[in-house]
*Asks:* 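Right, I'll just put the structure down here and ask away after.
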There are 2 protein chains.
Amino acid sequence: MTRAPGHAIRPKTFHAIVEAAIRLLNSNVDATMSEVARAAGVGRATLHRHFRTKADLLRAVGACCIEEMNAAVRAVDDAGMPASDRLYAMLRTVIPLGDRYAFLQFDTSGDEILRAGYQAQLDWTTALVEELKTEGAIGQDVPTRWAVAEIDQLIWVAWTAVSEWGLSPDDTATLAQRTLLRGLGTFPLDTGQSA
Amino acid sequence: MTRAPGHAIRPKTFHAIVEAAIRLLNSNVDATMSEVARAAGVGRATLHRHFRTKADLLRAVGACCIEEMNAAVRAVDDAGMPASDRLYAMLRTVIPLGDRYAFLQFDTSGDEILRAGYQAQLDWTTALVEELKTEGAIGQDVPTRWAVAEIDQLIWVAWTAVSEWGLSPDDTATLAQRTLLRGLGTFPLDTGQSA
DNA sequence: CAAGTATGAGACATTTGTGTCTCATTTCGT
DNA sequence: ACGAAATGAGACACAAATGTCTCATACTTG
């Protein structure tokens, strides 16, 4: 990214910086370069040596996180599965990762690379929604963008449920999927048990 | 709030500052005091005279907005109505107001007054959810907090739909209510018209 | 109209974060 | 172990934002 010629970075240093930045950014989006350096146990000069500006650091860390997240989804995704199962698999995978990636929500840099990574997520979700529509799990009358946006938001709600309310990732993913596809209402068809 | 003794504020000045702050904060959460003053057509000294610190300004503006929002909901709320109608009324009212109040989403001040105002909203929504549960519109098995959080988030999704995608507030509120209570899925009971 | 007072303009000190640079020290590869 | 190179510590310049203050001007009220 911003490699000075004659200044390679040691993997250990790089890792320490990125991990510290992620940890710090999730507790305070406005973390300073000094704070990141201190948290990484690294000199401020070293930090600036490898990420010349703060924008460079945020871009690198953000891109790294988005890529991780996309990779995690790809790892559990199987185009052969029913779309509703793919939805569940994605939710189950992504929800517990919120602790690590929550700061991405507040990115206002407008950086092109982050934008592209986020767009890749949206594209994936869009394709999934289209498939859910084909399967009849989502109504044809629902605007695809609407469904995509709701899925996106619900991930954060679910993450809150896990991290702050102590719900299990399994239960939460199930609840999220149910909420998305069938809403919060009772199920009149199931057994007639509901009022 | 931060009235110096012997320095009353002219209503026009106060109004100009608050409106400029709202407008500016919605396009950039990190707007500076100078920018607010300039946008308000007011001297920087005057701004500081009435809101000594930036925190004072944000608190005042935020509290003002939350109060406006709560008042708008109260104005269309009728405890005698069915809860699902009250939900719709709230959504229909709040969604178009997003342009004005979106910046509140990004408040990280942790201010007590804002916290209290936001809590009041949550309390209102919580009571509504309880009622929806009683009516059977929301399943007893759904955690109330979950429902409240989803309603909260969906308002922002809906606001995006109106402001960026050009959906009508009526359609969007209907879509939001349907999404909440019955999900994005097709309606097997309705008429069989859906695929 | 006249007095009182809110306002505008701008200077000022302070603080905080950023980014650069140097040099001694430590670490790593050969 | 030796030499190259990455690192740490700290000084430095710089920019931007905050908050204070003064004084002349414009407005409002009685």
Side-chain angles (χ1 to χ4, degrees), chain A residues 1-62 103 106-111 114, chain B residues 1-62 103 106-111 114:
Chain A
M1 331 251 131
T2 322
R3 214 64 70 70
H7 271 294
I9 189 170
R10 292 183 185 152
K12 184 182 163 185
T13 303
F14 182 84
H15 188 259
I17 291 175
V18 171
E19 290 305 312
I22 291 174
R23 192 160 9 96
L24 222 61
L25 288 172
N26 277 313
S27 63
N28 172 24
V29 203
D30 296 321
T32 69
M33 292 294 269
S34 301
E35 288 172 322
V36 172
R38 183 153 32 82
V42 148
R44 210 165 67 86
T46 302
L47 178 55
H48 273 99
R49 188 138 41 218
H50 300 298
F51 304 94
R52 201 175 60 79
T53 70
K54 187 176 185 174
D56 286 335
L57 175 64
L58 295 181
R59 174 173 24 247
V61 172
F103 74 95
F106 305 112
D107 172 72
T108 55
S109 67
D111 183 86
L114 297 192
Chain B
M1 329 254 131
T2 321
R3 214 62 71 70
H7 271 294
I9 189 170
R10 291 183 185 152
K12 183 182 166 185
T13 303
F14 181 84
H15 188 260
I17 290 175
V18 172
E19 291 304 313
I22 292 174
R23 193 162 5 98
L24 223 58
L25 288 172
N26 277 313
S27 63
N28 171 24
V29 202
D30 297 319
T32 69
M33 292 294 268
S34 300
E35 288 172 322
V36 171
R38 183 153 33 83
V42 147
R44 210 166 66 86
T46 301
L47 179 55
H48 273 100
R49 193 170 289 131
H50 299 297
F51 305 93
R52 200 175 61 82
T53 69
K54 188 176 184 174
D56 286 335
L57 175 64
L58 294 181
R59 177 175 21 251
V61 172
F103 74 95
F106 305 112
D107 173 70
T108 56
S109 67
D111 183 86
L114 297 191

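Keep in mind that this is a model prediction, so the values were computed, not measured. Here is how names work: the chains are called A, B, and so on, in the same order as the sequence lines, proteins then strands, and each is numbered from 1.
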*Asks:* Starting at CG of B:L58 and ending at C1' of D:dA17, how long is that distance when rounded to a whole Å?
*Replies:* 14 Å

*Asks:* Among residues at least two apart in sequence or on other chains, which ones pass side-chain contact (heavy atoms from CB on, under 4.5 Å) with B:E19?
*Replies:* B:H15, B:I22, B:R100

*Asks:* Measure the CZ-CG distance between A:F103 and A:D30 for me, rounded to the nearest 0.5 Å.
*Replies:* 13.0 Å

*Asks:* When rounded to the nearest 0.5 angstrom, what is the spacing between CE in A:M33 and OG1 in A:T53?
*Replies:*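 Answer rounded to 0.5 Å: 7.0 Å.
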
*Asks:* Could I get the full list of side chain to side chain donor-acceptor pair (under 3.5 Å) partners for B:D111, not counting sequence neighbours?
*Replies:*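 Here the qualifying residues are B:R59.
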
*Asks:* Indicate the atoms forming the closest heavy-atom contact of A:A39 with A:A20, along with that distance.
*Replies:* C-CB, 3.8 Å

*Asks:* Expressed in angstrom and rounded to an integer, what is the separation of A:K54 atom NZ from C:dG19 atom P?
*Replies:*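 In whole Å, C:dG19 P and A:K54 NZ are 9 Å from each other.
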
*Asks:* Atom CE of B:M33 to atom C1' of D:dG19: distance rounded to whole Å?
*Replies:*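 For the pair B:M33 CE and D:dG19 C1', the rounded distance is 9 Å.
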
*Asks:* Once you build an axis from the first five pairs and another from the last five of the helix from C:dC1-D:dG30 to C:dT30-D:dA1, how far apart in angle are they, to 10 degrees?
*Replies:* 50°

*Asks:* Distance check needed: D:dC27 C1' versus B:F14 CZ, whole Å only.
*Replies:*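 Those two atoms, CZ and C1', are 20 Å apart.
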
*Asks:* Taking for each residue the nucleotide of DNA chain C bearing the nearest heavy atom, is the 5' side occupied by A:E35 or by B:G43?
*Replies:*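 Taking each residue's closest nucleotide, the earlier one in sequence belongs to B:G43.
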
*Asks:* Please list all pairs meeting salt bridge (Lys or Arg N to Asp or Glu O under 4.0 Å) that have one or both residues in residues 32-44 of chain B, counting only residues at least two apart or in different chains.
*Replies:* none

*Asks:* Considering residues at least two apart in sequence or located in another chain, which fulfil the side-chain contact (heavy atoms from CB on, under 4.5 Å) criterion with B:L58?
*Replies:* B:L25, B:K54

*Asks:* If you round to the nearest 0.5 Å, how far is CG of A:D56 from CG of A:L47?
*Replies:*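 It is 10.5 Å, given to the nearest 0.5 Å.
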
*Asks:* Please report, rounded to the nearest Å, how far the C1' atom of D:dG8 is from the CZ atom of A:R38.
*Replies:* 15 Å

*Asks:* For D:dA6, does either OP1 or OP2 sit under 4.0 Å from a side-chain N or O belonging to A:T46?
*Replies:* no

*Asks:* Just to confirm, is there a sub-4.0 Å distance from OP1 or OP2 of D:dA16 to any side-chain nitrogen or oxygen of B:S34?
*Replies:* no

*Asks:* Kindly give the heavy-atom pair with the smallest separation between B:V42 and B:T13, and that separation in Å.
*Replies:* CG2-CG2, 4.0 Å

*Asks:* Treating primed atoms plus P, OP1 and OP2 as sugar-phosphate and everything else as base, which nucleotides of nucleotides 20-30 of chain C get B, S or - for protein heavy atoms under 4.0 Å?
*Replies:* BB-----B---

*Asks:* How long is the line joining CG of B:L57 and P of D:dG19, in whole Å?
*Replies:* 10 Å

*Asks:* Shortest non-hydrogen contact from B:L57 to B:I17?
*Replies:*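 B:L57 and B:I17 have their closest heavy atoms at CD1-CG2, 4.0 Å.
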
*Asks:* Among residues 18-28 of chain B, which residues get a heavy atom nearer than 4.0 Å to DNA chain D?
*Replies:* none

*Asks:* Report the distance from atom CG of B:L47 to atom P of D:dG19, rounded to the nearest whole Å.
*Replies:* 10 Å

*Asks:* Could you give the NE2-to-P distance, from B:H50 to C:dG8, as a whole number of Å?
*Replies:*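 It works out to 9 Å between those atoms.
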
*Asks:* Under the salt bridge (charged side-chain N to carboxylate O under 4.0 Å, His left out) test, which residues partner A:D107, sequence neighbours left out?
*Replies:* none

